[in-house]
Structure formats: structure tokens, C-alpha cells
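The block underneath contains the structure these notes are about, expressed in C-alpha cells.
These numbers come from a predicted model, not from an experiment. In what follows, every chain begins at residue 1, and chains take the letters A, B, ... in the order their sequences are listed.
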There are 2 protein chains.
Amino acid sequence: MSQGELPATSYALLGLLSFGQELTGYEVKQWADATLRFYWVAPAMSQVYSDLGRLAERGLVTARDEEGAGRTVRRYRITDQGLARLRAWLVEPVDDFPVLKHPVALKLLLGHVTGAAAARDLLDRYADALDAQRANLQKVRDGLGDDATFAYPALVAEWGLAYYASEGAIAARLRDRLES
Amino acid sequence: MSQGELPATSYALLGLLSFGQELTGYEVKQWADATLRFYWVAPAMSQVYSDLGRLAERGLVTARDEEGAGRTVRRYRITDQGLARLRAWLVEPVDDFPVLKHPVALKLLLGHVTGAAAARDLLDRYADALDAQRANLQKVRDGLGDDATFAYPALVAEWGLAYYASEGAIAARLRDRLES
DNA sequence: ACAGCCATGTAACTCGTTACATGATTAC
DNA sequence: GTAATCATGTAACGAGTTACATGGCTGT
């Protein structure tokens, strides 16, 4: 039990459980959609369940079947071992530099194929998408409040907001340079 | 032939060939490492070869075996059909918002597990990595020159440089907020 | 002679996705 | 009653990775 390395996404899910609550797979997915999505990925529902199963196998979380009128739901809680394992991973030096899969930059890179008008269009639509994304993240940040419990998630949300703001400014500048 | 959708990475490789040269798989990989790496991914050598093979099967590139004293190298060139297909993909509205896999943000999000000192450390090391990455991209940008041929790649490289600058500033600000 | 780069691929595997399948509870 | 949401999984597949295998060319 507990042998073998885990993919980062598993640690991310384990991390969601490190805030102390006992969550169902469904709830873990919702938290992932609300927070992890902006800095990591939003794992598919099916992956959440299978990853939680693996974490349980290794004793990093416990699975408890909770009887509720008619329906039984399975709640997961992080174990001491899981917390220790998570801490060890967190303090490990980060080997991977952030990977950006940026379809807009990729398409702009090939602007010579489509011409300046298409490139401007691309950046315009990106600016709209950025606004929408930023609005979503702003709601998440507001939802986190100013309590100490979620101080770090709030910090990271603000990082994301600053990133979107900067990205919007850069995109606007690039668009202007294509205007000529 | 030419049936079926292609993954974005295949279009990215096809895009590298859209600049007109006839390249070997090895050279495509080098271009990918130099440019695509910053905004998309650096595909493994083995993937470059298998993707080029698939593009050839579909008539989007031609493969020509070039005899050279003893050794034969295979050079790929984009076809008219390939260029048309690439153009169609480029003008398609971008459905995917950029995906950021940001291990530093992910670990910072879980700062409550390790404490403020570890979080500061994390951001310090990230700042160093950012500097290194920015220096690499600066070399790429300089190598692209100011010729019209690589105007779009140069534009995107400058986007990347601005992004790294902004990221460094944000990380420094966050670090200061953890100082107290 | 030897190291390092150029060059090309195959095989096994992992991560993560979509599609499929099922059913209970809640709000209107 | 019926639609949306809560809840839990399995199966098939795809994209991309690492490990393995091979060999020529180039500079010292």
C-alpha cells in the first residue's frame, strides 16, 4: 500500500481533501471545476472516481459509505498518511515549468497563412473569451472570502485574475500592431 | 485520404512546414523545441515521426527520400492540399481556451499544508526558472530577426516575453504578501 | 578512437477523455 | 410528472510519453 508515484492530478485531488471536509466524488469534481480548472485541469467525472479509488487502495484517503434514506453515498476523507504524502510532494522541488497549451498563440504564429485580418479576428475573439473567463474566476475569488482557511486559494485566484488582466492587455497591444 | 479530424499538435507540425522549407523529421523536432515549446508542447521525437507519417498518408505532406553519400534522409514538404487544410483549421473559431498546467500555482494553492516559508521558497525558485525561460525565449526572438517571413512568430515570441515579465512581477508581489 | 549529434523508427505504457449505463433526490 | 441535479461507476479509445533499437556522420 502507498507504493509508487502518483500523477500530479491525483495529488491535486488529494489536495482538495486536505482542507478537512469529507467529500463525495461528485463534490470533489465540483471543487475541481471551480478552482483547479484555472491552474491545472478539470478532470472528467470518471477520472475523479477512479483516482479516488486508487487513493483509497493506497490508504491515502478513507472511503466511508454513508447510509441516507434509500440512497448510499460514499464520502472520502484524507488520512494522516495521505496528508504526509501530500506534504512530501508539495515540498519536492517543482521540476516542471508550467505548460501552456495556447491555441490562440499557436494560430497567431501561423498568421502568414491566413493574413492580418484573420489574425485580428482571432485576437478579438480571444479578448471576449478572456473577459468571460475572468468574470468566472472573479466569482470564485469572491466566494473564497477573506477567511484564513482559504487564504492560499484566494491568493492563487488573485494570481489568475492578474494573469487574465495582463493577457488582455498584451492581446490588445498585439492587435493594435496588426492594425497598420 | 485526408479524411478525419487531426489533433491540434498535427496541425502545429504541419504549420512548421508551412514556412516553405523541406524539412527532415529531426529538423521539425528542432523547430518545435525552439518555438512551439513555449506556447504549445514539445512533442517527443517518436511522435514527430509518427505524426509526419500520418500527414503523408493523408496527402497533406509529401515524403521524399534524399540519397546522400551512404545515408538516406527523408524530407517532408507541405502540399497544396495540406496548406488548404491548415488554412481551414486556422480560420475555424478557437473552441478551446488556453489550458495552463501550472504546478507552482497548484502547490501554492495548498500552502496551508506546508506553511508560508515553503510557499515563499516555491515562488523564489519559480522566479529563477522564469528568468531562465525568458532568456531562452529572448534568444529565439532574436534569432527570428525582423524579416517579414517570421513576423508572426516574432510577434508571438514577444507575447511570450511580455507574459514572462508579467508572471515574474505577479510572483514577486505574491511573495511579498507572504512576507508578513 | 570516441563522443556527440543526426536520423529514424517500434513497442509498451500512462493519463485522461468520451460514450455508455444506471438510478435516486429535489425543485418546479 | 418531469426536468435538473446528485451520484457512481465501466469500457473503449486517443494522444502522447518513455524505453528500446539501430546506425551513419562529424569534430577532436
Over how many whole Å does the gap from [X] atom [atom1] to [N] atom [atom2] extend?
| X | N | atom1 | atom2 | answer |
| --- | --- | --- | --- | --- |
| B/M45 | C/dT10 | CE | P | 13 Å |
| B/R71 | C/dG9 | CZ | P | 13 Å |
| B/Y76 | C/dT8 | OH | P | 7 Å |
| A/L52 | C/dC15 | CG | P | 15 Å |
| A/R64 | D/dA7 | CZ | P | 14 Å |
| B/D96 | C/dT18 | CG | P | 11 Å |
| B/D95 | C/dT17 | CG | P | 15 Å |
| A/D51 | C/dC15 | CG | P | 9 Å |

OP1 or OP2 of [N] versus the side-chain N and O atoms of [X]: is any pair under 4.0 Å?
| X | N | value |
| --- | --- | --- |
| A/Y49 | D/dT8 | yes |
| B/Q47 | D/dT17 | yes |
| B/K101 | C/dG16 | yes |
| A/R74 | D/dG9 | yes |

Stretch residues 21-37 of chain A: residues that reach within less than 4.0 Å of DNA chain D through a heavy atom: A/T24, A/G25, A/Y26, A/Q30
Parallel, tilted or perpendicular: rings of A/H102 and B/W159 (30°, 60°): perpendicular
Test item: B/S50 side-chain N/O and B/S46 main-chain N/O as donor-acceptor pair under 3.5 Å: yes
Classify [X] by what it touches in the nucleic acid, base, sugar-phosphate, or nothing, heavy-atom distance under 4.0 Å.
| X | result |
| --- | --- |
| B/R75 | nothing |
| A/A42 | sugar-phosphate |
| B/T9 | sugar-phosphate |
| B/A8 | nothing |

Side-chain donor-acceptor pair present, B/D51, B/S10, cut-off under 3.5 Å: yes
Spatial distance of atom CD (A/E22) from atom OH (A/Y76) [nearest 0.5 Å]: 11.0 Å
Pair B/R134 + B/E167, salt bridge at N-O below 4.0 Å: no
Side-chain ion pair, A/D142 and A/K139, N-O less than 4.0 Å: no
Result of checking B/L52, B/L13, B/L17, B/V61 against B/L23 for side chain to side chain contact (heavy atoms under 4.5 Å, CB included): B/L17
Identified side chain to side chain donor-acceptor pair (under 3.5 Å) counterpart of A/D33 within the set A/R37, A/K29, A/Q30: A/K29
A/S46 (side chain) and C/dT18 (base): donor-acceptor pair under 3.5 Å: yes
Distance-only donor-acceptor test (3.5 Å): side chain B/S50, base C/dT10: no
